Structure formats: C-alpha cells, structure tokens
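Report on the following structure.
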There are 2 protein chains.
Amino acid sequence: MYSPITIDALRTLDAIDRRRSFAAAAEELYRVPSAISYTISKLEEDLGVELFDRSRRKAELTAVGRLILEQGRQILVATEELTALAKQTDEGWETELRICIDSLINCEPVYDLIEQFQKLQPRTELRLTEEVLGGSWDALNSEQCDLVIGAEGDPPSQGFGIHLLGQVEFVFAVSASHPLTDMQQPISLQAIQDYPTVVVTDSSRYLPVRSTGLLDGRSRIAVSSIEHKIAAQIRGLGVGYLPKFRIKKELEEGKLKQLMLAETRSPRSISIAWRNTSKGKGVQWFVSQLRQMVFDQDSGLQRPK
Amino acid sequence: MYSPITIDALRTLDAIDRRRSFAAAAEELYRVPSAISYTISKLEEDLGVELFDRSRRKAELTAVGRLILEQGRQILVATEELTALAKQTDEGWETELRICIDSLINCEPVYDLIEQFQKLQPRTELRLTEEVLGGSWDALNSEQCDLVIGAEGDPPSQGFGIHLLGQVEFVFAVSASHPLTDMQQPISLQAIQDYPTVVVTDSSRYLPVRSTGLLDGRSRIAVSSIEHKIAAQIRGLGVGYLPKFRIKKELEEGKLKQLMLAETRSPRSISIAWRNTSKGKGVQWFVSQLRQMVFDQDSGLQRPK
DNA sequence: TTTAATTGATCAAAATATTTGAACTATGTA
DNA sequence: TACATAGTTCAAATATTTTGATCAATTAAA
C-alpha cells in the first residue's frame with residue numbers, strides 16, 4: 001500500500017505550473033519535453049488519477065491535479081528544509097539551541113547577539129528562558145538549556161564550561177519614604193528585622209535550593225524576577241539587596257535610597273556557562289561572542305568600548 | 001540547488017530503523033540487502049552527510065541520520081495522506097465540506113449524521129457553522145458553506161437544490177410570572193407593545209436582511225441564537241414567538257406560558273438546501289440521509305419511527 | 001484562409017539507474 | 001577457535017528514464 005508520489009514528480013508538476021507549459025518545464029529541468037510527459041503520465045497511471053485535462057492542446061490542471069500541486073509544494077519545501085537542516089547539523093550547528101538568561105542580567109546586549117545569530121544561522125531555532133539564581137545552573141545541569149548567561153557563583157558540579165563576566169555589587173536599598181531612611185547609619189541587622197524582605201524565589205527544581213543570602217525568620221515577599229523585586233521595593237512593600245547597576249537610575253531619581261548596613265554584602269561573581277559536552281557551533285559562537293563582553297559594575301553586561 | 005532526498009530513500013531509512021537492520025529492511029521491501037546498502041549510500045553521497053555510523057558491525061544512525069529519519073517520517077505521512085486525498089477527491093468526495101445549521105434546528109440528529117459520515121469518510125474535513133434565519137441562505141449563496149440544514153422559507157434566488165423538512169409552528173410565549181399572563185386572551189397587539197421583544201439577529205451579511213416578522217417600533221433585545229432567545233424569555237427579559245418544539249419542556253414545566261394573540265402567526269416551512277453546482281459525494285450523502293428525516297411539530301428534526 | 005510555430009503524445013533506441021547474487025570483511029557469539 | 005550475522009563491494013542483469021524523431025492538434029501570424 002505504497003504511495004506512488006515521487007519528489008521528482010512533484011518537482012516536475014511544480015515546474016509545469018510555474019512555467020505554464022510542459023516544454024518550458026522541460027527546459028527548466030534540463031530535460032526534453034517527452035521526458036516531462038513521461039513523468040506525469042507515470043504519476044497519473046500509478047495514482048490512477050488524471051492530473052491534467054487534455055481535451056485542449058494546452059494542458060490544464062484538473063481539480064485533483066491542483067490539489068496534488070498545492071499540497072505537493074509543501075512537501076517539496078519540507079524536503080528542501082530537511083536537506084538544509086541536515087547539512088547544517090552535519091556541519092555542527094544545532095537544530096535547536098536553548099539559552100537561559102538569569103533575571104539579574106540586562107537583556108538588551110543579549111538580544112543584539114540573538115539578532116546577529118539569527119541572521120547568521122536562521123535555521124537554528126533559538127529558545128529563551130529566564131531563571132533566577134541557582135535556577136540557571138539547574139537548567140543547565142538537567143539539560144533544559146544549553147547555555148546560561150548570568151549564572152551566579154560557582155558551578156554546583158563538574159562538567160561545565162564557564163567564563164567569568166564580572167562582579168555584581170549588591171546594595172541594600174529601600175524606597176525613598178521608608179522609615180529606615182530616618183535611622184542612623186550604619187543600620188543594625190536588628191532594625192531591618194522589623195520590615196518585610198523582598199526575595200527572588202529560586203526557580204531551581206532539581207538541585208538543592210540555595211539561599212538568597214538574606215536573613216531568615218522574617219516576613220518575606222516572594223517575587224519571580226529582579227524586575228519585580230525592584231518594583232516591589234520602590235513601592236515600599238519591602239526591603240532588600242539589589243544589584244547596583246540595575247537600580248542606578250532609581251537611585252539618581254531618588255525613588256530608591258541606598259543604606260549602609262552594619263554588615264556589608266560581598267560582590268557576587270557572574271558568568272556564562274555551558275555543558276562541556278556541548279560541541280555545537282551555536283553554543284561556541286555565543287560563548288566566543290560573550291567572551292568579548294564584560295559585566296561592568298555600573299552598566300551591567302556590555303561590549304567594552 | 002535541488003534536494004537529493006527521495007521518497008524511496010526515506011521509506012528505506014524508515015524500514016531499516018523499524019526492523020533494526022539492513023537485512024530485515026531488505027526483506028520487508030522485497031529487495032536484496034545490497035540494494036538497501038546502495039540506496040543509503042547514494043543518499044549519503046548526494047547529501048554529503050553520513051547517515052549511519054559503520055564503526056561497528058551493526059549500523060547505527062548518526063545524529064543527522066536520526067534527524068532525517070524523524071523529519072522524513074512526517075514527509076512520508078504527508079505523501080501518503082496526499083495520495084489518499086487525491087484518490088478520494090477523484091472519486092468525488094470533497095476535501096472540505098462546510099455545513100451550516102440554522103439555530104432553529106435541534107442539533108443532536110445532525111451530530112449523529114456527522115459522526116456516521118466521519119466513520120465513512122474520515123478524510124473529508126467537516127466544518128460546522130451556525131446561522132440564523134436568512135443567514136443560512138446567504139452563507140450558501142456566497143459559497144461560505146456547501147449545505148444548509150434548517151433554511152427557513154424559500155430560496156432568495158435560483159440555483160439551489162432544496163428539500164422540505166416540514167413546518168415549524170411558532171407560539172407566542174412569555175415567562176410564567178409575566179404581567180401579560182394576567183390579561184384576558186386573545187391578547188391585542190396593542191398590549192404587547194408595552195413589553196420589549198426578544199429578537200434573533202439575522203446574521204446575513206450580503207443578501208437583503210429579512211425581518212423576523214415581529215412588530216416594529218418597540219424596544220428590542222437582540223440575541224444571536226434561538227437558545228439565547230429562549231433563555232431571555234424565560235428570564236422575563238422580553239416576549240416573542242418561539243418554535244413550539246424547542247420549548248415543549250419549558251411549557252410543561254411552566255417556565256414559559258403560551259399566550260393566544262389576536263393575530264396568529266402562520267407556521268414557517270424549513271428545508272435543507274445546497275447549491276445545484278455541488279456535485280460532491282459528501283453533499284449528496286448528507287442530502288440523501290436528511291431526505292429520510294422529517295421535521296416534526298413536536299420533536300423537531302428526527303428520523304421517523 | 002493558409003502558413004508557420006507551438007504544444008504535447010508516442011515510440012523505439014540509447015543512456016542511466018537500480019537490483020541482484022556471489023564473494024568478501026568485520027564483528028560478535030557459541 | 002570456529003561460526004553465524006551484518007553490511008559492503010562489484011560485475012552482470014534488469015528496469016527505468018531520457019532522448020530524438022515523428023505526429024496530431026491548436027494557436028498565432030501572414
């Protein structure tokens with residue numbers, strides 16, 4: 001119960017339709033008209049269906065002919081796509097590449113890279129996800145993604161390629177009208193205890209959850225990204241550490257105020273990371289591009305001038 | 001810039017994978033193992049890509065091989081589908097058949113028919129739409145559908161096949177607690193004027209809109225189907241004529257009360273209708289099935305016992 | 001209207017492509 | 001170690017496709 005449809009026959013049908021005649025199609029396909037006749041008659045015979053109406057001299061597609069032509073074109077496109085995809089895969093380009101961006105990172109420079117990549121390699125499908133804190137290491141480890149941009153701290157296990165982007169400095173910030181702003185600095189940890197803390201919920205699902213480094217036993221407001229955390233603290237819903245470069249404007253405009261604490265928090269190192277087993281050119285390309293970037297205390301991730 | 005992929009090669013690849021060996025695939029395809037070798041080597045050569053890892057005795061698919069296998073299977077399915085579709089189309093079955101059911105009709109018997117049809121002809125795609133009043137004639141005329149079930153009255157122009165199902169009797173009904181129930185019957189048209197009328201909005205878009213036959217110049221509540229009209233009248237939002245068979249239960253349960261009017265409304269004839277140019281077996285099948293049904297004053301559309 | 005040009009079909013011969021079967025190599029198994 | 005199995009290679013056999021010449025039906029041009 002095989003289908004007698006052949007890629008070659010579909011290609012012939014397509015050429016006949018585009019060029020409006022058997023003769024022109026023959027020319028396009030570097031064949032002789034009788035060869036085209038043969039190909040079509042064969043398909044008609046095998047299929048048991050008339051594809052052209054021969055009552056006139058000028059062969060016209062029948063309804064079924066048109067159906068096969070139109071659906072057949074999709075099959076042609078699919079095989080051509082598949083060929084291209086196979087060649088790219090063979091050359092080492094991934095079919096799919098999943099990038100995970102930690103919510104800490106400013107996305108704009110990454111979007112620029114992605115745009116560049118898509119021009120270079122339009123057939124590699126890119127998937128972006130956002131994770132926070134340990135979540136990105138976890139996504140990498142469990143093969144939910146191939147590349148992490150903005151992984152914080154050290155890898156939780158072996159087998160990762162890693163490139164240090166820089167340090168993120170965290171500052172303890174509160175909204176301008178917050179009662180803590182009236183207190184004498186440095187502020188004791190004791191005093192902070194009275195206000196709820198905004199924490200970014202770690203999206204880790206498989207690796208042991210890592211703490212955000214904030215003090216325990218207080219009321220918390222959990223949010224899912226740095227953006228939300230910044231917004232929550234501006235509204236005065238809570239207090240907490242924020243990456244300095246992400247709140248530069250807010251500090252300048254006075255929406256947030258930086259406070260000195262009795263106990264300061266050391267800067268965290270952030271990196272890009274990938275699995276050592278990732279040999280695809282896509283991952284390599286992104287890594288080599290990102291190696292040329294630095295993470296700057298003031299401006300976040302960017303290409304150095 | 002042609003793709004060297006061949007349906008035959010994809011089929012061979014598929015057989016090798018399913019049967020776990022070149023030899024078994026050869027058997028399945030009624031060929032000799034060396035022919036299978038040849039087909040695969042040719043594809044590999046034309047594609048310039050290794051599909052099997054021959055480092056061991058047992059040939060194993062490479063990553064690219066697996067890609068071509070998996071995507072190729074979809075192409076195989078598509079060509080087989082296309083073949084089947086072409087044959088059915090050639091035999092006179094539609095690829096797509098659009099049926100329009102007037103909201104007046106009780107749908108259950110139509111759904112039964114549809115289920116039967118899908119078993120008989122699973123490759124004909126059915127599309128159902130619902131129209132009201134003249135909307136169904138309009139949909140037929142403008143080729144938005146191929147068959148109307150429940151068209152009301154006479155065709156607005158030539159060129160339609162038509163089969164009368166029966167008469168629909170309309171009764172003037174109001175909710176049980178409606179003030180009109182306290183009045184002496186028959187009720188004058190004058191008295192009705194005081195209450196809003198629920199009208200089903202004609203969904204016609206191209207043909208001249210036909211009136212619902214209700215009296216003009218009063219406040220109206222427009223709804224989009226009979227179901228909504230019934231619901232609205234039960235709630236006492238308005239009054240109006242309803243098809244008797246659709247509100248049998250509501251009358252028995254006392255949710256709606258039938259009122260006698262000074263001026264009675266004559267029953268409307270309803271039919272199935274199709275374009276005379278429709279020669280497809282699908283339309284013919286539905287017509288012949290529906291010819292065996294009648295539209296009964298009490299139970300609506302049904303197969304006679 | 002007649003003529004010339006074009007379109008597609010048909011057919012035998014020629015050119016290609018595929019399949020076969022025997023011989024061979026490598027690998028895993030008894 | 002010998003044996004069986006899996007896949008490859010190669011020349012010969014077979015099948016398929018392409019070609020080129022010829023024909024009939026249309027259409028365009030003279």
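These numbers come from a predicted model, not from an experiment. All chains are named by letter (A, B, ...) in the order of the sequence lines, taking the proteins before the strands, and each is independently numbered beginning at 1.
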Check nucleotides 26-30 of chain C against the protein and report each pair of N or O atoms closer than 3.5 Å, with its distance, or say if there are none.
residue	atom	partner	partner atom	Å
C:dT27	O2	B:R57	NE	3.3

Would you confirm whether the ring centroid of A:W274 sits within less than 6.0 angstrom of the ring centroid of A:F286? no

Please tabulate, one pair per line, each protein N/O and nucleotide N/O from nucleotides 16-22 of chain C that are separated by under 3.5 Å, including the distance.
residue	atom	partner	partner atom	Å
C:dT18	OP2	B:Y38	OH	2.5
C:dT20	OP2	B:V32	N	2.8
C:dG21	O6	B:S34	OG	2.9

Mind calculating the distance between CZ (A:R20) and C1' (C:dG8) to the nearest angstrom? 16 Å

Carboxylate-amine/guanidinium contact B:E70 B:R66, below 4.0 Å: yes

In whole angstrom, what separates A:D53's CG from C:dT7's P? 18 Å

For the backbone of A:P109 and the side chain of A:R303, can you confirm whether one donor and one acceptor N or O come within less than 3.5 Å of each other? no

Could you state the atom-to-atom distance from CZ of A:F22 to P of D:dT26 in whole Å? 15 Å

Look at the side-chain N and O atoms of A:S21 and state whether any lies under 4.0 Å from the OP1 or OP2 oxygen of C:dT6. no

With a 3.5 Å distance limit and no angle check, can you tell me whether B:S3 reaches the backbone of B:I5 through a side-chain donor-acceptor pair? yes

Rounded interatomic separation in angstrom, taking CD from A:E50 and P from C:dA9: 10 Å

Rounded to whole Å, CD1 of A:I40 lies from P of C:dT10 at a distance of 14 Å

Can you tell me how far C1' of D:dT26 sits from CZ of A:R54, to the nearest Å? 16 Å

Over how many whole Å does the gap from B:L61 atom CG to D:dG7 atom P extend? 11 Å

Is the closest basic N to carboxylate O distance between B:E125 and B:R127 below 4.0 Å? yes

Let's go through A:D8 and A:R31 carefully: what are the C-alpha distance in whole Å and the side-chain angles of both, what is the deciding distance for salt bridge (charged side-chain N to carboxylate O under 4.0 Å, His left out) to 0.1 Å, and is it a yes or a no? CA-CA 12 Å; A:D8 181 61; A:R31 282 178 220 177; 2.9 Å; yes

Rounded to whole Å, how long is the line connecting atom CG of A:L51 with atom P of C:dG8? 15 Å

With rounding to the nearest 0.5 angstrom, report the CD1 to CD1 distance, B:I16 to B:I40. 4.0 Å

Salt-bridge present (B:R123, B:E81; N to O < 4.0 Å): yes

Pair B:R18 + B:E28: basic N to acidic O under 4.0 Å: yes

